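Everything on this sheet refers to the single structure shown next.
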Amino acid sequence: MPRTGRQRERLFGDGIRRICAVAAASTAAEMADLVQEGLRETPTIELRLDWLRSDAERSRFLLWVKKKRPRGATFLVTCRRREGGGKLSGDVEAELGWLRRAREAGCSWCDLEIETFRRLASKSLSGLGLPPHILLSLHDFQRVPTRLPSLHAASRSEADALKIAAQARTFGDSIRLLRLARSSRNLVAVPMGEVGLPARILALREGSALAYAPVGEATAPGQVSLHALKHLYRAHELTRRTRVYGVIGDPVGHSLSPLLHNTGFIARNVDAVYLPFLVKDLRDFLKAVPEFGVRGFSVTIPHKQSILKYLREIDPLAAEIGAVNTVVVRRDGSLYGCNTDYIGILRALEKRLTLAGSRVLIFGAGGVARAAAFALAKAGARVGVCARREKSARELAKAAGGEVVARRALKTEKFDAILNATPVGMHPHDQVSPLLPQELNCRVVMDLINRPRMTRLLQIAARKGIATVSGVEMFVPQGVAQWELWIGQRAPERIMREAVLRALRAEEKSRQHS
């Protein structure tokens with residue numbers, strides 16, 4: 001029977017119990033392995049029976065659950081039909097049948113689709129023989145439903161808890177779901193999609209009864225891995241006092257900034273979290289800043305210049321550069337912008353050559369190219385700019401006191417260093433180089449892309465015997481400068497750097513074995 005009053009509170013417990021590991025695989029053996037792996041991180045596990053490839057595998061797995069279910073574990077069983085976005089090809093009775101068998105195996109919770117509930121003649125869940133606790137779920141893979149409050153109210157008496165998982169196309173969509181979670185202790189709010197990812201991480205802070213994370217393969221768009229949700233973002237520890245930072249860009253899923261900054265927060269025991277915000281519309285994001293409690297954010301492609309018009313104040317050097325990569329949200333909500341890219345560029349290149357008097361080519365004319373041009377010019381280098389858009393190249397060269405270099409001239413011109421300041425060659429399109437081997441006539445090549453660490457451009461340069469500088473050498477110091485600006489204390493740079501390098505090495509190793 002549904003709980004009432006105080007009994008309805010904290011249905012899944014506190015802390016780590018509110019992180020629900022999702023186990024989904026095609027065979028019983030694989031599912032069992034995922035469950036055991038998930039239980040090392042959290043006692044709450046969702047069992048996706050619909051992902052198992054046959055009834056025989058479902059039977060085999062439930063037998064394992066009955067025999068092996070550890071004490072203290074909470075199993076939430078799901079057997080979602082295709083109509084509700086799952087993989088079960090059977091009808092309503094098939095779904096209910098597997099949920100009944102899960103109860104016999106010892107599962108205390110089940111997730112019942114709202115489509116199934118609506119097909120019940122009596123519209124009553126009692127007497128169906130389901131697990132004792134029922135989570136009624138709505139999945140909308142297209143949008144956030146407009147009737148969220150009425151839907152929530154209608155289902156309160158029919159289940160122990162309600163889950164609303166909906167595609168967040170805007171940050172406003174995410175906020176609507178979080179507000180609903182804030183109003184009830186027995187609601188699971190799941191903003192889906194990459195735009196919804198930050199809200200998904202903050203959902204527990206806002207009162208969502210659960211936050212889902214896959215042990216293995218993702219089962220819904222925009223999911224964060226179980227390890228990242230628990231250890232990197234620490235979703236179960238976040239409160240309204242936690243300072244929120246992030247990176248805005250499009251794309252942003254490749255960014256190593258969450259790893260860099262959160263590693264620093266953890267090492268220094270700072271109550272803060274850093275999130276990736278996929279931002280297509282700056283106004284949509286900026287409207288959400290107060291609701292999310294954002295205190296500062298990094299800016300990457302394509303917003304480094306377009307953010308300028310939203311700033312109340314800008315650092316003089318950033319104003320001269322005409323691009324911002326770091327924003328502080330002040331107490332009154334106003335935005336202050338500055339640029340730390342130039343710090344990273346100088347620190348990376350100064351180790352390889354004397355900048356004063358050197359001739360350096362910048363390939364590209366966007367926000368990071370502007371930071372590079374001004375940083376190098378101020379260091380005494382002679383700056384050349386080559387870009388696909390000739391007008392942009394002329395404007396940047398003029399502003400930085402440099403020269404425009406035509407692409408056709410690269411085969412004969414010589415430079416001390418060449419910097420790639422375009423996104424060409426960035427993960428996942430890392431088999432592409434922005435420049436040809438015959439265009440690299442220099443002593444040093446630096447790629448401002450940091451993922452992968454050894455881009456195709458750098459591989460070509462190394463084969464020609466040219467010294468290479470990875471974008472990581474620029475990425476870490478610019479991020480450390482941001483961290484220290486926001487937090488007001490010295491960053492653990494060595495620990496932050498090693499975390500990034502470890503992740504890149506693991507990625508390279510995985511790519512070699514695939």
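Keep in mind that this is a model prediction, so the values were computed, not measured. Positions are given from 1 along the sequence.
Ring geometry for Phe171 versus Phe292: interplanar angle over 60°, hence perpendicular rather than tilted (30 to 60°). Ring-plane geometry between His139 and Phe141 is classed as parallel, the angle between the planes falling under 30 degrees on a 0 to 90 degree scale with a further cut at 60.
The CG atom of Asn325 sits 7.0 Å away from atom SG of Cys338, with the distance rounded to the nearest 0.5 Å. To the nearest 0.5 Å, atoms CG (Leu34) and CG (Leu226) are separated by 10.5 Å. Atom CZ in Phe415 sits 11.0 Å away from atom CD1 in Ile362 (nearest 0.5 Å). We find the CD-CD distance between Glu484 and Glu493 to be 7.5 Å, quoted to the nearest 0.5 Å. Going from atom CG of Leu436 over to atom CG of Leu410 covers 9.0 Å, rounded to the nearest 0.5 Å.
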Should Glu473 and Arg497 be marked as a salt bridge (Lys or Arg N to Asp or Glu O under 4.0 Å) after you check the CA-CA gap, both sets of side-chain angles, and the distance that decides it? CA-CA 9 Å; Glu473 298 307 309; Arg497 177 187 298 273; 3.3 Å; yes
Side chain to side chain contact (heavy atoms under 4.5 Å, CB included) between Arg48 and Val22, worked out: CA-CA 7 Å; Arg48 289 296 302 268; Val22 181; 3.9 Å; yes
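The side chain to side chain donor-acceptor pair (under 3.5 Å) analysis of residues 456-467, with sequence neighbours excluded, yields the pairs Gln431-Arg456, Arg456-Gln459. Pairs of residues two or more places apart, or lying in two chains, that qualify as salt bridge (charged side-chain N to carboxylate O under 4.0 Å, His left out) and include a residue from residues 238-247 are Glu206-Arg240. A side chain to side chain donor-acceptor pair (under 3.5 Å) check over residues 358-371, counting only residues at least two apart or in different chains, returns the pairs Arg359-Glu403, Arg359-Glu413.
In this structure, Thr42 contributes its side chain and Ile16 its backbone to a donor-acceptor pair below 3.5 Å. Side-chain atoms of Thr455 come within 3.5 Å of backbone atoms of Leu458 as a donor-acceptor pair (strictly under, hydrogens ignored). A distance-only check finds a donor-acceptor pair linking the side chain of Arg451 to the backbone of His254 [under 3.5 Å]. Between the side chain of Ser510 and the backbone N or O of Ala506, no donor-acceptor pair lies under 3.5 Å. Side-chain N or O atoms of Asn339 include one that pairs as donor or acceptor with a backbone N or O of Ala323 at under 3.5 Å. When atom types are taken as modelled, the side chain of Arg18 and the backbone of Leu204 share a donor-acceptor pair closer than 3.5 angstrom. A donor-acceptor pair under 3.5 Å is formed between the side chain of Ser470 and the backbone N or O of Arg453. Checked by atom type and distance alone, the side chain of Asn262 pairs as donor or acceptor with a backbone atom of Tyr274 at under 3.5 Å.
The number of heavy-atom neighbours closer than 6.0 Å to CZ of Arg330, taken from other residues, nucleotides and ligands shown, is above 12. By the 6.0 Å contact criterion, NZ on Lys351 is enclosed, its count of non-hydrogen atoms from other residues, nucleotides or ligands being greater than 12. Enclosure of atom CG in Asn269 is not indicated, since only 12 or fewer non-hydrogen atoms of other residues, nucleotides or ligands lie within 6.0 angstrom.
Here Glu498 pairs with Arg505 in a salt bridge; the nearest charged N to carboxylate O distance falls below 4.0 Å. Between Arg200 and Glu194 no salt bridge is recorded (no basic side-chain N to carboxylate O distance below 4.0 Å). A salt bridge links Glu439 with Arg407: at least one charged nitrogen is closer than 4.0 Å to a carboxylate oxygen.
Taking the ring centroids of Phe285 and Phe277, they lie under the 6.0 Å cut-off.
Side-chain contact check for Gln142 versus Gln167: every heavy-atom pair is 4.5 Å or farther apart. Side chains of Ser298 and Trp486 form a contact here, defined as non-hydrogen atoms less than 4.5 Å apart. Between Val195 and Arg169 there is no side-chain heavy-atom pair separated by less than 4.5 Å.
Leu311 and Gly337 make their closest contact through CD1-CA, 3.9 Å (heavy atoms, listed as atom of the first residue, atom of the second, distance). Looking at every heavy atom in both residues, Met446 comes nearest to Ala348 through CE-CB, 3.5 Å. When all heavy atoms of Gly264 and Pro492 are compared, the closest pair comes out as CA-CG, 3.8 Å. Scanning both residues, Phe12 and Arg17, for their nearest heavy atoms gives O-CB, 3.3 Å.
For Arg205, the salt bridge (charged side-chain N to carboxylate O under 4.0 Å, His left out) test picks out no residue, with sequence neighbours left out. Partners of Arg443 under the salt bridge (charged side-chain N to carboxylate O under 4.0 Å, His left out) rule, at least two apart in sequence or in another chain, are Asp416. Listed by chain and number, the residues in a side-chain contact (heavy atoms from CB on, under 4.5 Å) with Arg179 are Ile175, Arg182, Glu291 (sequence neighbours excluded).
Cation-pi geometry between Lys378 and Tyr342 is not met: the NZ or CZ atom fails to fall both under 6.0 Å from the ring centre and inside 45° of the normal.
When each of Leu440, Leu419, Leu435 is paired with Val445, the side chain to side chain contact (heavy atoms under 4.5 Å, CB included) condition holds for Leu440 and for no other.
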